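It should be emphasised that the depicted structure is a prediction, and the values quoted were computed from it without experimental measurement.
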Amino acid sequence: MSSCEDSVGIRAWANTLPGFTGILKQRYSDFMVNEIDASGQVVHLNNKLAPQDKPQSLWQPTTSTTAVEDHSTPIPRAPPTTPQASAPSNTTELNSEVAAAAAPAVCHPTLKPDFASAPNSNLHSNNIHVTKPTVGSTQANGIHPGSPHKSAEPTANPATDGSKTSSLWPDTRQGLAACEGQLEAFGKMCGLSNQQKLQDFLKLTFEYQEGVTKADASVPKRPSHILLDPIIDKAQRTAVHTFFKQGSPLPKLATTTVTNTGVSDYGGKPMSVIKVSYEGRGQKRKRDDAGGRGGREGRGAGRGGNGARGFERGGQWGREWPGGSKKYCRFALGKSNMDTQQCLGLLSSLMHCKPGVFATAGTKDKRAVTVQHVTAYKVAAERLAALNPKLYNFQVGNFEYTDQELHLGQLKGNQFQVILREVQGASREQLEVAAAALKAHGFINFYGLQRFGSGSVPTHRVGVALLQGQYEEAVRLIMQPRDGEREETAQARRLYLEQGDVKGALSQIQRHLTAERAILEGLSQHGKDGFQAALMRIPHGLRTMYVHAYQSYVWNAATSERCLKYGTDTVVEGDLVLLSGETSDAEAASGERSSARLAAVHAVTEEEARSKAYSIEDVVMPLPGSQVQYPVYRTSDGDEASTTAQDTESIYDRLAAADNINIKSGHTNSNQAFSIQALTGDYRRIVHKPQGLQWKVLEYADPDQPLALSELERLAGGKEPAFLQEGGTGRLLALQLSFQLPPSCYATMLIRELTKMATGTAFHKSLTQKTAEADAAVVGVNPEHEAITG
């Protein structure tokens, strides 16, 4: 067993078959991932053409026939856009996804050299003033100014025609339901306490609006404002202000920063907090359409808004919206060796819109060929499709319009096609037996190494320091150097760690290193000993991920002990099973679960174990938290007649005690933000059997020849590798696997179970090099052939 796996609690197996070795990800097409959407459909990229649906005017209902389609003018650029806060993700690992989310959006190395001469008029600068649309003008009716087409008959705007507000405000229940996604995103960004405050405030707001709408004599009192809990990080506060500018389905809310004398910082001074106020009226004022309070002509509805409200973010200004009443364009994003956020950052820069326009259900592997769904708010498919010729390493297609935005975790799982090359240590027959055993017994559902980061210090060790209240140690661990970093970054780390030079380190640290930069900024503001305050400047999602990583470590270690002691074929008395019917291990983005799920756990009785009422796939182990139940097994001291009940919370207690952490009673330190008790916890199944597992043993001769055709290659006109068409043979063996996994289930752990080999990057780099040298000795070539590991 690799020391890497052992260090994060991965120590057991689901079967005892001998292992073998094989090269993983030598080519990007050796590891292909297709998202499975919420409806259970596998997402594919096989069509880059935009739909040719007849556009609908911004100002007209979707049944209107008076809109005139404009084909004569190029697509104009978008007006200034209002950013939408991107919710931090706790389900992503501490790797390039976190860094990429904070990196600049422009990724010009992926553009072809002739991009600057692109004729598309929608790819120009964003610094212009736009004349306010007026009813009856060509622009108000979705026709670009200067078009030879005649104006359509003006259509009344229901938001400004003085009609009753019954067409504007939903009732309370519907309003809250419509805001469910926004509330979830807000909770990820600001924590559960602020999410609950906003939810209560929205309830009061919708009740008031409903009362006004129905002209009820007993109209509830008009809601005033709420004060959010303090947010130390400036970037996070900015994201909160941006969040409330997104408009529908949220009511009209405004944010300001005020001083709350009831909350003090570490020095006893009152802290600034964000005040959220209700600014809506029972009936919308007509002047909102002309810019609203504080708005300038042509610059938006309401303060900081965007005019006609039809194309707030990235839409086609002055042109008809082709989606009609459906506000989102959903498309498939196919990429190779690129981060999801890197692709979206490039798209947003080309479309002259904020990255918040785009939403996904999650990030995908960088070192792979992946396909996933993306939604874009008011970005037309034809604009996206026009970019394809200018993009390297990724493409977009399979466009359709929808009224549903994607949210984190909104997927059923992923479909994988994996190729293990140059298999050694197993014959064709042994490979068949190993694959069949994987299908029959599954694999232990460990959190993979990706969960614990790719740096020199695993993220769960940072979590340990935070939970212990050792804030200086946590800072030191986060600032440790990493392999492969740029010299200026390494120098910045040395300046702080060796000389304590905060200012010098801050001047050299790269901006995409979110945690490190936040710490240095915090130390610069609060002094060299202000470690706790500096850590609190790290964005909430990234900060809590350290504690979640420790949860994952404890789960891995406790599950290893359970499986080593009782095996993975039998359910024993004391095992925990879920009765709620929820079969997916997809984690909530906040790292926590619903109270219904947490309450639906059952301890297996002696009779149930004897009658085999449950299978091993039903058994769960808890992630530590304040609302989980721990398993209780019956153990013997050597005499079966004297069996006593022993609380195996001792497994968890022992693991946590080794790190000087108490996971059951009270807080380990005074900061609730860094406490296991601040988390509810969750349950995770200990064994998973992959769905649709299929395999094929391949024989081939050239170590570098492609063994599969990716969707990106097929879309570009590529053909199946000749070796596959001919049913090729050769001296080399490869194992091709196809299977489906739910979210939060690691394909690397499936491969570990199958091969019994380590999954760390260092191991695979070493294996690739050794195999290359052996191949070179056989065929007499340079062993430094191109290899991809990860």
Side-chain angles (χ1 to χ4, degrees), residues 4 25 28 92-111 113 233 235 336-343 345-346 349 363 365-367 392-393 449-450 452-459 461-462 465 472-525 528 530-531 534-535 537-539 542-543 545-546 760-766 768-769 772 783-790:
C4 291
K25 297 186 180 181
Y28 297 125
T92 56
E93 316 309 328
L94 184 60
N95 53 20
S96 56
E97 283 82 356
V98 175
V106 180
C107 307
H108 295 297
T110 63
L111 295 177
D233 180 56
S336 175
N337 192 32
M338 290 189 71
D339 295 315
T340 301
Q341 293 301 326
Q342 184 183 4
C343 295
L346 178 58
S349 68
T363 57
D365 300 75
K366 175 182 178 180
R367 293 187 172 274
Y392 277 147
N393 296 331
L449 294 181
Q450 307 97 301
F452 305 96
S454 57
S456 57
V457 178
T459 53
R461 301 316 304 172
V462 179
E472 182 177 1
E473 174 67 6
V475 167
R476 188 188 69 81
L477 292 174
I478 293 172
M479 294 299 296
Q480 288 296 306
R482 301 183 181 185
D483 293 336
E485 285 188 319
R486 297 173 60 175
E487 176 55 32
E488 55 265 39
T489 299
Q491 175 65 16
R493 295 184 189 276
R494 289 194 296 268
L495 283 173
Y496 173 73
L497 292 172
E498 299 174 8
Q499 303 178 27
D501 185 356
V502 174
K503 185 176 180 180
L506 185 58
S507 67
Q508 296 196 37
I509 200 74
Q510 291 179 278
R511 290 192 173 274
H512 75 268
L513 297 173
T514 308
E516 291 88 339
R517 190 168 186 84
I519 286 174
L520 292 173
E521 290 174 346
L523 293 175
S524 177
Q525 178 180 352
K528 294 184 177 181
F531 301 109
L535 288 164
R537 288 182 64 94
I538 300 175
L542 178 55
R543 189 175 68 238
M545 191 172 65
Y546 296 122
T761 301
F763 172 82
H764 282 279
K765 284 183 177 179
S766 174
T768 301
Q769 183 60 30
E784 295 182 356
H785 66 276
E786 182 180 359
I788 301 170
T789 60

If every non-hydrogen atom of Arg493 is compared with every non-hydrogen atom of Leu513, which pair is closest and at what distance? NH2-CD1, 4.2 Å
Residue set satisfying salt bridge (charged side-chain N to carboxylate O under 4.0 Å, His left out) with Glu473, at least two apart, ordered chain then number -> Arg476
Test of understanding: with salt bridge (charged side-chain N to carboxylate O under 4.0 Å, His left out), list the residues that count as partners of Arg543, not counting sequence neighbours. none
Between CD1 of Ile509 and CZ of Arg517, what distance do you get to the nearest 0.5 Å? 8.0 Å
Set of residues satisfying side-chain contact (heavy atoms from CB on, under 4.5 Å) with respect to Ala518, sequence neighbours excluded: Arg537, Ile538
With sequence neighbours excluded, what pairs up with Ser336 under the side-chain contact (heavy atoms from CB on, under 4.5 Å) test? Tyr28, Val369, Leu712
Note: Thr363 and Thr340 closest approach over all heavy atoms is CA-OG1, 3.7 Å
Heavy-atom check, side chain of Ile519 versus side chain of Tyr496, under 4.5 Å: no
Hits for side-chain hydrogen bond (donor to acceptor under 3.5 Å, both in side chains) against Glu488, two or more places apart or cross-chain, chain-then-number order -> Arg486
Once side-chain contact (heavy atoms from CB on, under 4.5 Å) is applied, do any residues pair with Gln491, and if so which ones, sequence neighbours excluded? Glu487, Arg494, Leu495, Gln508
Test Ile478 against Leu535 for side-chain contact (heavy atoms from CB on, under 4.5 Å), laying out the working first. CA-CA 10 Å; Ile478 293 172; Leu535 288 164; 4.0 Å; yes
Looking at CD of Glu516 and CZ of Arg482, how far apart are the two atoms once the value is rounded to the nearest 0.5 Å? 5.5 Å
At their closest point, which heavy atom of Val502 faces which heavy atom of Ser524, and how far apart are they? CG1-N, 3.8 Å
Applying side-chain contact (heavy atoms from CB on, under 4.5 Å) to Lys366 and Asp339, what does each step give before you reach the verdict? CA-CA 5 Å; Lys366 175 182 178 180; Asp339 295 315; 3.3 Å; yes
Check Leu497 against Met479 and note the closest heavy-atom contact, atom names and distance. CD1-O, 3.3 Å
